[in-house]
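For reference, the structure discussed in these notes is given below.
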There are 2 protein chains.
Amino acid sequence: MQKKYSFCVASGHQQCIDDALNIAQVMCDEEQLRLTPLRKRVLELVWQSHQPMGAYDILAQLTSEEGRPAAPPTVYRALDFLLEHGLIHRIASLNAFIGCAYPQQPHQAQFLICRLCRFARELPHSAIDAAIADEAHKAGFTVEGQVIEVFGLCAPCQAEL
Amino acid sequence: MQKKYSFCVASGHQQCIDDALNIAQVMCDEEQLRLTPLRKRVLELVWQSHQPMGAYDILAQLTSEEGRPAAPPTVYRALDFLLEHGLIHRIASLNAFIGCAYPQQPHQAQFLICRLCRFARELPHSAIDAAIADEAHKAGFTVEGQVIEVFGLCAPCQAEL
DNA sequence: AAAAGTAATGTTATGATATAACAATTCTTT
DNA sequence: AAAGAATTGTTATATCATAACATTACTTTT
């Protein structure tokens, strides 16, 4: 059964997957990048849910649908490609990966992750960026990247308690 | 040779270590916690530098100074104790641990980490917290914890380029 | 002070995540 | 068609972390 997500339940989560794949395809076409069947399939698997997915979960899915078992480098290389071109993000504190909600422009992601349903919501260009830039500036620190992962309870899960 | 850190070079880094151990001792005395020799030694090792340190680095140090080799659970249990009581923090994106600069009051840490010298600077109660609280509130999200790790170049390292 | 109970540590094994190195294949260009 | 480059397959291993149970040490009760 397909898990339902409050924010995509109207159009159906399949729409999220289709959109992500289409955008990725267009982007790769434009930038002369090769969105191979493997890379596309891994991206699709990552998008199967809005919950961060582990590399070995992806591996297991690939193995189950191929005749032969896949090996870790197969998955990690595809993930590296997708990360490098901003199509997915890595959630460091979960050792997991999730589709990028805003692949159009390069950015550092920020997530609100529910500890119950594991839904990971990506915040677009929020005030958090500005606060970080400000703190870094005060310290004379040049920002190159960041890991922002906020854990807690999402609104729907709180309502259920 | 002892690595020098710009912000503690005046008093000497040994002062950082001594302070951290003293504060930990006082806190454990007050709260009836047992800062055993092992836990104290692990805390001291974590404080050997201002760079996040891996569990297996700590393990290697312990092994080299004991007659017998130490096993991973020995270190991880000590780290768990120190984490639980706010004496150290974990840097998720580096799988590493660092002494807490503000163990007096419970808090969620935020770090500026230099990719060259690996110095990890902990920011105390910054505007970043407020921005996160604000964004979370807008999303109806209740914050329970957070991982904030900013990477880039610290001021001294930029000056050297 | 001895016994019982609890907390901490030792020990062995294994789970979970990730990468190195090289071979084979496929795609692209010449 | 051949050469070169990129991708994927394959084997092995590195790295990070915990489960499960035995032993030791500390604390409380009697």
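Scope of the values below: all heavy atoms of this structure, side chains included, with no hydrogens, waters or symmetry mates. Order of the sequence lines sets the chain letters (A, B, ...), proteins ahead of strands, with each chain counted from 1.
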Please identify each residue that fulfils side chain to side chain donor-acceptor pair (under 3.5 Å) with [X], with sequence neighbours left out.
X	value
A:Thr74	none
B:Ser126	B:Gln110
B:Asp80	none
B:His137	none

| message | Both B:Asp57 and A:Pro72 contact DNA chain D. Taking the nearest nucleotide for each, which residue is further toward the 5' end? | response |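 Result of the comparison: A:Pro72.
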| task | Determine: side-chain N/O of B:Arg39 to OP1/OP2 of C:dA8, distance under 4.0 Å, yes or no. | result |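 Checking C:dA8 against B:Arg39, a side-chain N or O does come within under 4.0 Å of OP1 or OP2.
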| query | Does OP1 or OP2 of C:dG10 have a side-chain N or O of B:Thr74 closer than 4.0 Å? | reply |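 True: B:Thr74 side-chain N/O within range (under 4.0 Å) of C:dG10 OP1/OP2.
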| request: Would you jot down, in residue-number order, the residues of residues 83-97 of chain A having a non-hydrogen atom under 4.0 Å from DNA chain C? | output: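 Within this stretch, A:Arg90, A:Asn95 sit under 4.0 Å of the strand.
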| task | Sorted by first residue and then second, give each salt bridge (Lys or Arg N to Asp or Glu O under 4.0 Å) pair with at least one member in residues 109-133 of chain B; sequence neighbours left out. | result |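 Qualifying pairs: A:Glu144-B:Arg115.
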| task | Select one nucleotide: of C:dT19, C:dA8, C:dG10, the one nearest the side-chain heavy atoms of A:Pro73. | result |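 Of the candidates, C:dT19 comes closest.
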| Is the ring centre of A:Tyr56 under 5.5 Å from the base ring centre of C:dT17, and are the two planes under 30° apart, so that they stack? |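 Per 5.5 Å and 30° rule: yes, stacked.
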Without placing hydrogens or testing angles, list every side-chain donor-acceptor pair under 3.5 Å for residues 28-39 of chain A, not counting sequence neighbours.
residue: A:Asp29; atom: OD1; partner: A:Gln25; partner atom: NE2; Å: 3.2
residue: A:Thr36; atom: OG1; partner: A:Arg39; partner atom: N; Å: 3.3
residue: A:Arg39; atom: NH1; partner: A:Arg34; partner atom: O; Å: 2.7

| message | Can you give me the first and the last nucleotide of DNA chain D (5' to 3') that has an atom within less than 4.0 angstrom of a non-hydrogen atom in chain A? | response |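 First and last nucleotides in contact are D:dA6 to D:dT11.
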Show every donor-acceptor pair shorter than 3.5 Å between a side-chain atom in residues 96-103 of chain A and any protein atom, with sequence neighbours excluded, or say none if there are none.
none

| B:Ile132: hydrophobic cluster co-members (side-chain, 4.5 Å) |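 Result for B:Ile132 is A:Leu112, A:Leu123, A:Ile128, A:Ile132, A:Phe141, A:Val143, A:Ile148, A:Val150, B:Leu112, B:Leu123, B:Ile128, B:Phe141, B:Val143, B:Ile148, B:Val150.
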| Among pairs that include at least one residue of residues 64-83 of chain B, which meet ring-ring contact (aromatic ring centres under 6.0 Å, His included), considering only residues two or more places apart or in two chains? |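 Listed by first then second residue: B:Phe81-B:His85.
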Nucleotide N/O of nucleotides 26-30 of chain C paired with protein N/O under 3.5 Å:
none

| task | Give A:Thr36 one of three labels, base, sugar-phosphate or nothing, depending on what nucleic acid heavy atoms sit under 4.0 Å from its own. | result |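 Sugar-phosphate contact only - A:Thr36 comes under 4.0 Å of backbone atoms but never of a base.
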